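Model, not experiment: these values are computed from the prediction.
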There are 2 protein chains.
Amino acid sequence: MSGEERETAILATAERLLEERAPQEISVDDLARGAGISRPSFYFYFPSKEAVFLTLIDRLVAQADAGRGDVLERLSEDPAARWREGLQVFYDTFGAHRALALAGAQFRTVNAEARELWANVMESWVNDAATAIEAERVRGAAPAGLPARDLAIALVSMNERVLYATFAGDPPALAEETVMDVLLSVWLRSIYASTEPPRF
Amino acid sequence: MSGEERETAILATAERLLEERAPQEISVDDLARGAGISRPSFYFYFPSKEAVFLTLIDRLVAQADAGRGDVLERLSEDPAARWREGLQVFYDTFGAHRALALAGAQFRTVNAEARELWANVMESWVNDAATAIEAERVRGAAPAGLPARDLAIALVSMNERVLYATFAGDPPALAEETVMDVLLSVWLRSIYASTEPPRF
DNA sequence: GGCATTGTCAACATAGTGTTGAGTAACTGC
DNA sequence: GCAGTTACTCAACACTATGTTGACAATGCC
């Protein structure tokens, strides 16, 4: 087995083990054994187990980022449908690698690099959403309201937290089948609703 | 120093240390030293350092729960103002113990008991909000729409995530001064807005 | 004074991380 | 076909943390 194969084996072992247990319950020894090498050899490939998780998360995040197409630039075709497609990318990418996505969310709370990595994705999403909201206002489809960026931050944050709960299944969570409908509805109302609450 | 004072000293040390560093960077030895006892003596008072953090979080959560008054039952007086008061409790309670709140959010990802504790608070908030939304619909102030509970879950989740980012200061975060305005606006639009997006 | 109860800690056992240094295998240029 | 370099491996070590044991005080109280 070549060096590169060993490295791949370590990453594969990590992803597999993350499906069974949390990152802090996986030891360097587990990863080394899983890849068929000794613990010191592990350190030839990665400086720490954190680095392994970070590599996996980095990949997933890059994938999510690549999935972010240009649907938000074609909102005028059919706003509700396009927004739905936009939100769906998030759901699909992370839903396809749940264990890793959940591990990432957890890892992010204890690791500065992971936190930064995630902050970057969030920032891209927020930017896209804010730009789209502004465009909708310019073309007269959406009324003025909160600063677009502030609104985008709140909505993207909502999606993150709600999807996390749904994937992890920790209550109170929305059901898989309805989660996207609920999120989309809050997005649409927050962006397009022209009414403030009635005073009666 | 009596036994009870020692126990209090351990808790106080934990809360103080949490202001400087993350829970996983605090050792049993740190807590014991801070309380002026040896490490083995620590175990006389608490079975693990997790138990210490759990006790602190439990208290904070109880405090937040107690703060949840009946404002949501008096929405008809002035919906926007009452909802604002309701959301403000969340902000005030956790804002007053930021370090602990952030540690709690982190701890929750690795500890089942903490997770359950938090799930209970979330559930209370969701219930209150859902009940209030239904009442607003019944009295004709809010239009029909998403199941009230689903909407409540999404909104409470949004608040949690957004406030976490604001308190932790990890980007993209909303500013302290505007965060409550932004959240409130999304709540009001999601609950009271009667318009679906225009099709032009 | 006897005797629980409460509290204390030195010493131990165990499990994990990361390092060192000595060794092997394989390819590279001559 | 062999000297030199690079890629890779691992036993043994040093360190840090957790949690346990068992012997030993104090304190109260009957």
Side-chain angles (χ1 to χ4, degrees), chain A residues 1-58 103-104 106-115, chain B residues 1-58 103-104 106-115:
Chain A
M1 235 196 219
S2 79
E4 209 165 328
E5 284 169 322
R6 294 278 196 214
E7 189 173 324
T8 307
I10 292 173
L11 289 166
T13 303
E15 186 148 17
R16 184 169 49 75
L17 290 181
L18 280 176
E19 263 149 50
E20 309 170 355
R21 31 196 222 268
Q24 80 276 8
E25 283 163 346
I26 297 170
S27 72
V28 172
D29 206 40
D30 294 332
L31 297 177
R33 276 176 204 284
I37 54 176
S38 74
R39 209 166 52 79
S41 290
F42 167 90
Y43 288 101
F44 179 82
Y45 296 101
F46 293 95
S48 66
K49 70 176 171 182
E50 277 73 28
V52 177
F53 295 136
L54 217 52
T55 304
L56 289 175
I57 294 166
D58 197 21
Q106 171 167 346
F107 194 55
R108 180 163 52 82
T109 67
V110 299
N111 182 285
E113 277 182 90
R115 198 151 46 238
Chain B
M1 233 195 222
S2 79
E4 207 164 327
E5 283 169 324
R6 294 279 194 213
E7 189 173 325
T8 307
I10 292 173
L11 289 166
T13 303
E15 187 148 17
R16 183 168 49 77
L17 291 180
L18 280 176
E19 263 148 51
E20 310 170 356
R21 32 196 221 269
Q24 80 276 8
E25 284 162 348
I26 296 170
S27 73
V28 172
D29 206 38
D30 293 332
L31 297 178
R33 276 175 203 284
I37 53 177
S38 74
R39 209 166 52 77
S41 291
F42 167 92
Y43 288 100
F44 179 81
Y45 296 100
F46 292 96
S48 67
K49 68 175 171 185
E50 278 72 29
V52 177
F53 296 137
L54 217 52
T55 304
L56 288 176
I57 294 165
D58 197 21
Q106 170 166 347
F107 194 55
R108 178 162 55 81
T109 68
V110 300
N111 183 286
E113 277 181 273
R115 197 150 48 239

### Message
Show me the pairs that pass side chain to side chain donor-acceptor pair (under 3.5 Å) and involve residues 10-19 of chain B, at least two apart or across chains.
### Response
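Sorted pair list: Glu15(B)-His97(B).
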Whole-Å distance separating the [atom1] atom of [X] from the [atom2] atom of [N]:
X	N	atom1	atom2	answer
Phe44(A)	dT9(D)	CZ	C1'	9 Å
Phe46(B)	dG19(D)	CZ	P	14 Å
Glu4(B)	dT27(D)	CD	P	17 Å
Phe53(B)	dT18(D)	CZ	C1'	14 Å

### Query
Sequence neighbours excluded, which residues qualify as side-chain contact (heavy atoms from CB on, under 4.5 Å) partners of Ala14(A)?
Leu31(A), Val52(A), Phe53(A), Leu56(A)
### Task
Sequence neighbours left out, what passes side-chain contact (heavy atoms from CB on, under 4.5 Å) with Ala51(B)? Give chain and number order.
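Only Phe46(B), Pro47(B), Ser48(B) meet the side-chain contact (heavy atoms from CB on, under 4.5 Å) criterion with Ala51(B).
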### OP1 or OP2 of dT8(C) under 4.0 Å from side-chain N/O of Tyr45(B)
yes
#### Entry: Partner residues of Gln24(B) under the side chain to side chain donor-acceptor pair (under 3.5 Å) criterion, sequence neighbours left out
Gln106(B)
### Asp30(B): partners by side chain to side chain donor-acceptor pair (under 3.5 Å), with sequence neighbours left out
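So Asp30(B) forms a side chain to side chain donor-acceptor pair (under 3.5 Å) with Arg21(B), Ser27(B).
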Tabulated below should be each protein N or O lying under 3.5 Å from an N or O of nucleotides 22-24 of chain D; please produce it.
none

### Message
Filter on salt bridge (charged side-chain N to carboxylate O under 4.0 Å, His left out), then keep only pairs touching residues 31-47 of chain A, sequence neighbours left out; what's left?
### Response
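Residue pairs passing salt bridge (charged side-chain N to carboxylate O under 4.0 Å, His left out), neighbours aside: Asp29(A)-Arg33(A).
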### Residues that Asp58(A) engages under salt bridge (Lys or Arg N to Asp or Glu O under 4.0 Å), provided they are two or more places apart
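Counting only residues at least two positions away or on another chain, Asp58(A) forms no salt bridge (Lys or Arg N to Asp or Glu O under 4.0 Å).
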### Task
Give the minimum heavy-atom separation between Lys49(A) and Val28(A), together with the two atoms involved.
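Heavy atoms only, the tightest pair is CB-CG2, 4.1 Å.
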### Message
How would you summarise protein contacts on nucleotides 9-28 of chain C per nucleotide, using B for base, S for sugar-phosphate only and - for none, with heavy-atom distances below 4.0 Å?
### Response
BBB-----BBB---------
